[in-house]
Amino acid sequence: MKRWREKKAARSQKRKDEGRYNFLDVLTDVLIWVPELVILPFRLIYLLFRLFGRVFKDGFDSI
């Protein structure tokens, strides 16, 4: 009976810890977000050039 209570207590403790944000989660988030933050300015510049190119192209087509 004593072993059963110990196992039950260990399971309930494990369930409580499952919702926590641990170091591995932080490391994973950092490894995902750093490349995104580095690439973002270049993507925005590329999209702005495409936008201006389409605006000028459509503007010259209407003349």
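Being a predicted model, the structure only gives us computed values, none of them experimental.
Separation of atoms CH2 (Trp33) and OG1 (Thr28) is listed at 14.0 Å; rounding is to 0.5 Å. The distance from atom CG of Asn22 to atom CG of Leu27, rounded to the nearest 0.5 Å, is 10.0 Å. Interatomic distance, Ile45 CD1 to Leu40 CG, rounded to the nearest 0.5 Å: 10.0 Å. Atom CZ of Arg43 and atom CD of Glu36 lie 5.5 Å apart (nearest 0.5 Å).
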